[in-house]
2 protein chains.
Amino acid sequence: MLRVMPKASDKKEKLIESAGKLFHQVGFNQTSIADIAEDSGVPLGNVHYYFKTKADLISEVLDNRKKSIESWFEEFEKLPNPKDRLVGMLGDMEKMKHKVVKYGCPVGSLCQELDKERMPVAKQADGLIKIQLKWVIAQFRELRKKDAEELGLHWMSSIHGTALMANALKDSKVIDSEIARLKSWIKKI
Amino acid sequence: MLRVMPKASDKKEKLIESAGKLFHQVGFNQTSIADIAEDSGVPLGNVHYYFKTKADLISEVLDNRKKSIESWFEEFEKLPNPKDRLVGMLGDMEKMKHKVVKYGCPVGSLCQELDKERMPVAKQADGLIKIQLKWVIAQFRELRKKDAEELGLHWMSSIHGTALMANALKDSKVIDSEIARLKSWIKKI
DNA sequence: GTCTATATGTTGATAGAC
DNA sequence: GTCTATCAACATATAGAC
């Protein structure tokens, strides 16, 4: 007899979602498992059924973010011109600028925090920066730039530095200004 | 009769120094007062005689850092050409690049961490970025640049973004590359 | 799978002897 | 001023009933 497979609990998904949000807004260390349980509506003691440790939890959050970055790039690949793809990346930055002003870059700020830990998960966070950088460099290569690596580093530094400045100054105009600068720069080169 | 004033205890100074070092290397949240006591050689219970709360401690650390930034600028003011002053700023970045690779920027990474707290001290950290930015903009103004504000923002974003990238990639060449880029950029404009 | 109750450890901060 | 001893709160993680 056919039996409908029980739908995998969506509690795990909810926990990852809440954890990702709170780690961004409040930081990893400042977010307790109790906070995550409350935000997701899952009882405190139940969290450890899905995630053995807090490190496992952030590890899955980072894994999720990696997948979303990758599918993000897949979307851009549909554009034939690498310049348009890079401009598309700026468009996404524009979209989330208000969150960046409030809480910093969801990737960059987490990297800086975790790099101070002695946890293996820090390398996983740094990996997110690396795949972004790798993709950006690939775009410059496709544009036949010989110094593609340096250009890619400059691009990524500008973006992450802008996020940090906007967060520190609490001013989204910082992001507008730098997006405009990068757009005109990419056009010229 | 003359009496030599008792030399103010240097314990407070030692505590601030250790706290500053550890907040940079390990982060604010991950550094316990016990860690600071141990590093500075001051008994745990004695810390609270000098600093009522942990927030008071970081507040004085930030105050110290502000003074050092200001005396740093005073030194640069001796140079007649604003371009040389900005290049001097890059020289200081070069000097501390290995620490930045290991622990991130001592100002930027702390700002990002504290901005996620709900503590008044976050604004004090952001203030450090603001006085740096203000000084940089002043240099561009002296160079008669009409878009001095944008240029200053770009300069600061580049520096802080580079620090974040170097920390994430664990590679000091990132800093070398961006310093070279900023040096040639400042020459041309 | 789900949840309550709780063990265990660490934290920031205090009280009070010297 | 200095330091020991300790409190109270909170953290992560676990045990075990349902």
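Here is how names work: the chains are called A, B, and so on, in the same order as the sequence lines, proteins then strands, and each is numbered from 1. In this text the structure is predicted, and so the values were computed from the model without any measurement.
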Encode nucleotides 4-18 of chain C as B, S and - characters from 5' to 3', where the letter depends on protein heavy atoms closer than 4.0 Å: B to the base, S only to sugar-phosphate, - to neither. B------SSBB----
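- Atom-to-atom, CG of A/Asp10 to P of C/dG1 comes out at 12 Å; the value is rounded to the nearest Å.
- As a whole-Å value, the separation of A/Lys14 NZ from C/dG1 C1' is 15 Å.
- Counting to the nearest Å, the C1' atom of D/dA13 and the CD1 atom of A/Ile58 are 18 Å from each other.
- With sequence neighbours excluded, the residues forming a side chain to side chain contact (heavy atoms under 4.5 Å, CB included) with A/Asp63 are A/Lys67, A/Gln124, listed by chain and number.
- A search for side chain to side chain contact (heavy atoms under 4.5 Å, CB included) contacts involving B/Thr53 returns B/Ala55, B/Asp56, not counting sequence neighbours.
- Partners of B/Glu94 under the side chain to side chain contact (heavy atoms under 4.5 Å, CB included) rule, at least two apart in sequence or in another chain, are B/Lys97, B/Asp176, B/Ile179.
- Identified under the ring-ring contact (aromatic ring centres under 6.0 Å, His included) test for residues 86-129 of chain A, with sequence neighbours left out: A/His24-A/Tyr103.
- Evaluation of the side chain to side chain contact (heavy atoms under 4.5 Å, CB included) rule for B/Glu113 yields B/Phe28, B/Asn29, B/Leu110 as partners, not counting sequence neighbours.
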